[in-house]
Amino acid sequence: MNEALTSIKGVGPGRERQLHKLGITSVNNLLTYFPRSYEDRRKIYTVRDLLADMTGGVVGIVMAVQEKRPRPRLSILEITITDNSGSLKIVLFNQGYKKNFYKVGQRLYVYGKVDVQYGSKQMNSPQIETLGANAMPDTGIVPIYPLVDGVSQFVVRSSIRNWFTAHCELDEILPSSIVKKHMIMSRYDAFKAMHFPDSSNHYEEARHQLAYEELFVMQSGLALLRNKEQVHLGPKMGHDGVLMSRCIENLPYKLTGDQRRAIDEISKDMQDERPMQRLLQGDVGAGKTVVAILSMVKAIENGYQAVIMAPTEILAAQHYEGIQDMCKHLPIRIALLTGSTTKKEKDRIYKELKDGCIQMIIGTHALIQDKVDFYNLGLVIIDEQHRFGVEQRAALQRKGGHPHVLIMTATPIPRTMTLSVYGDLAVSLIKEMPPGRKPVKTYVVDSSYKERLRVFFGKEMAAGHQVYVVCPLVEESEKLDLQAAEALYLELKEYFYQSFEVGLVHGRMSARDKEEVMERFSKGTIQLLVSTTVVEVGVNVPNATIMCIEGAERFGLSQLHQLRGRVGRGDVQAYCVLVSDSKGDVSRERLQLMESTQDGFELAEQDLLMRGSGQLFGLAQSGLPDLRVANIVKDIDILVAARNDVLQYISEEGITNLEKEMKPELEKRFGEKFLRILYN
Ligand code: ADP
Ligand code: MG
């Protein structure tokens, strides 16, 4: 599959350039450029056979081409075609530039939905292909590819078809025992069926097979990665000691059962010589930080250093303050390292980390700089993991021999999904909230409540509390987003003029400016904060009691839940107001779910059902390969099967064989970043 595109019959430099526009630069790219849909053209109709509302295709000759402009900025192109049985009008909207493309006498194949208006038949925006004098259109089940301007279906389709005509084989990429056992068709047939299926069943079989293949590759990669971690011996620690119990005694509260259990699980892992790889999941506000701190204290009392990396400076600073407070009775030397640490201070920290004086360090990406070197790093903790990629995580890990690793996340991920993204990572779960936490009262309202809401904001602020107002993503454009947020900010600023300070934070601000505004909000010099969706994950402002989200229907439930978690962290009643003018039943139902539950997992699962996995975590950031065929949500059964087969293969034939067999494909799919982690 590594041949040049021009080795395909019919593909010269011109077509090659067109294919490049689609990002297709090799035969491999071309074969994996899968259709976005299919058209059933097994039958070519006559115009007479076309009935209202049916979808089908006819071949006809252009009789007339006419452009109409009923309104400024609306152009309607009408093309009339006929065959022996009647005539059909084709209507194209705002494609006036195609006026000279279609000519009287030309033969066209059109495929689309039939509309009958006052007895005459028409198709609105159908698929159109121009045909030579005697040529017939592609028949059968025809693939429709995602395209860009200047590239036709024909070019993609015929290039792919010609490749298949000239070849009769594709090398299998999975180990032959797996192929023998699991593959119904050859790899060649499966690929061909993805492009040119004989029937819908045929397509489904091919898709299933290629999804399996894809997931097998992914799971092999994860297994190798895991193996690499596990063959090394990590820092084996002793039982919980005196520092830990002193730290627990000094807590201003009692640990919850779930926190206790998570700490036990982590402790046990750290007492093993295999390095820990554990995910700590817990809803926003569930109290993950104290679990992290106690784990660090354990590492320290065993003579190791511990590090926690947070995605932003504010978060790191907040952790630092909290940790200092919690450890003030303990003889532990703690430091904070971020981008804004002064050069002098940095140099001191580098030195003291290296000679082991600093035992615990909190920081941001600054921690993965080359200059950072540890004396004996025993535990690495990553907070809000979804903000970091695989590589950043690995970079921090490499600072130690083979330290224990704890990853913390507030994004509730159903168990089956963690399998796919993290492979075998062990999971500790904090479901129980600290006692006395009042559920955030949640209301769904429409924009007619605007005035009442402002009065409500004013009242809460007068009582000394603070308010978040989040603006939605408008039209998926960051620029419009910003305009909407700025407009709202100015309105609120004027409304609360002289009584309260209103601030604005948005995605286009520099990280530093953002942090500065957040800092002022967190210190209470700003009482009302308007933001686009950048409110930093995990920032703790216990004094904030209202989270108001505009255009709430545009957010995923998990996202709404995360935002809601910004309030209700103190002991006074907090409120979440979801403003939405959406009339749809589905969006109403979704939002009402927010009113009725505070359970992040339940909301995440609903999200998965309703919106798919994209909402849940940035797969793009994870460093894992794109899935072209498989869908992690729908194909969870295939995923589990592929994973079990990988494990079985390893137990029967050994990991070295798996690596040997899969290496070329892993290189191709996982890309360099991942491999650097695997083979460095
Ligand atoms: P998250 O899981 O979102 O990181 P935090 O660790 O920031 O949550 O904890 C949220 C708040 O709950 C903090 O103010 C913390 O002091 C408090 N907290 C944590 N554990 C308990 C507990 N067992 N009892 C009472 N309050 C707790
Ligand atoms: Mg946190």
Side-chain angles (χ1 to χ4, degrees), residues 244-245 247-266 278-297 307-328 336 360 362-364 381-388 406-413 427-440 465-466 468 518 522 535-545 547 558-574 576 598-601 603-604:
M244 257 183 108
S245 42
C247 190
I248 294 175
E249 273 161 32
N250 285 320
L251 287 175
Y253 46 75
K254 231 177 115 234
L255 293 171
T256 64
D258 281 353
Q259 283 172 326
R260 193 62 256 182
R261 192 154 33 78
I263 292 165
D264 287 346
E265 286 164 351
I266 292 165
R278 184 172 282 275
L279 182 70
L280 177 61
Q281 278 190 42
D283 219 334
V284 206
K288 296 183 290 295
T289 318
V290 64
V291 175
I293 296 172
L294 286 165
S295 316
M296 295 204 281
V297 170
V307 56
I308 179 164
M309 179 162 76
T312 66
E313 295 205 358
I314 309 180
L315 265 178
Q318 275 191 353
H319 277 321
Y320 180 62
E321 279 165 29
I323 289 171
Q324 272 189 320
D325 191 44
M326 219 178 275
C327 300
K328 61 178 178 252
L336 172 70
M360 189 188 284
I362 296 100
T364 56
I381 301 184
I382 316 268
D383 194 15
E384 309 294 352
Q385 61 75 30
H386 62 281
R387 305 279 298 267
F388 296 102
L406 180 68
I407 295 168
M408 304 203 287
T409 177
T411 313
I413 308 170
V427 178
S428 290
L429 189 61
I430 306 183
K431 272 204 108 160
E432 184 184 356
M433 283 286 171
R437 194 71 52 87
K438 296 195 182 81
V440 178
H465 299 147
Q466 286 164 280
Y468 289 101
M518 289 305 297
S522 140
V535 183
E536 295 301 347
V537 190
V539 169
N540 200 7
V541 184
N543 194 41
T545 53
M547 168 60 67
S558 294
Q559 220 179 345
L560 289 174
H561 181 67
Q562 286 271 345
L563 289 169
R564 176 166 65 183
R566 306 288 105 233
V567 297
R569 304 189 137 213
D571 39 21
V572 291
Q573 182 62 54
C576 173
Q598 306 264 335
D599 181 341
F601 280 82
L603 292 168

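All heavy atoms count here, side chains included; hydrogens, waters and symmetry mates do not. The first residue of the sequence shown is numbered 1, and numbering continues consecutively from there. Atoms within each ligand, like the ligands themselves, are counted from 1 in listed order. This structure is a prediction, so every number in the text was calculated from the model and none was measured.
Heavy-atom separations between Gly282 and ligand 1 are all 4.0 Å or longer.
Remark: of the listed residues Lys288, Arg261, Arg278, Arg278 is the sole one forming a side chain to side chain donor-acceptor pair (under 3.5 Å) with Ser428.
Across Thr256 and Pro434, no two heavy atoms sit closer than the pair CG2-CA, 3.8 Å. Heavy atoms only, all atoms of each residue included: Leu563 and Met547 are closest at O-CE, 3.2 Å.
Gln259 places a side-chain N or O within 3.5 Å of a backbone atom of Gly287 that can act as its donor or acceptor partner. Distance alone, capped at 3.5 Å, is enough to place a donor-acceptor pair between the Gln598 side chain and the Val440 backbone. Although no hydrogens or angles enter the test, the distance criterion places no donor-acceptor pair under 3.5 Å between the side chain of Glu265 and the main chain of Arg260.
Residue-level proximity to ligand 1 for Leu255 is carried by the backbone, the only part with a heavy atom below 4.0 angstrom. At a heavy-atom distance under 4.0 Å, only backbone atoms of Lys254 (N, CA, C or O) approach ligand 1.
With distances taken over non-hydrogen atoms, the option nearest atom 5 (P) of ligand 1 out of Val290, Thr289, Leu251 is Thr289.
Those atoms of ligand 1 with a heavy atom of Asp283 less than 4.0 angstrom away are 2 (O). Counting the atoms of ligand 1 from 1 in the order shown, those under 4.0 Å from a heavy atom of Thr256 are 23 (N).
Taking only nitrogen or oxygen atoms, main chain and side chain alike, Pro435 does not reach within less than 3.5 Å of ligand 1.
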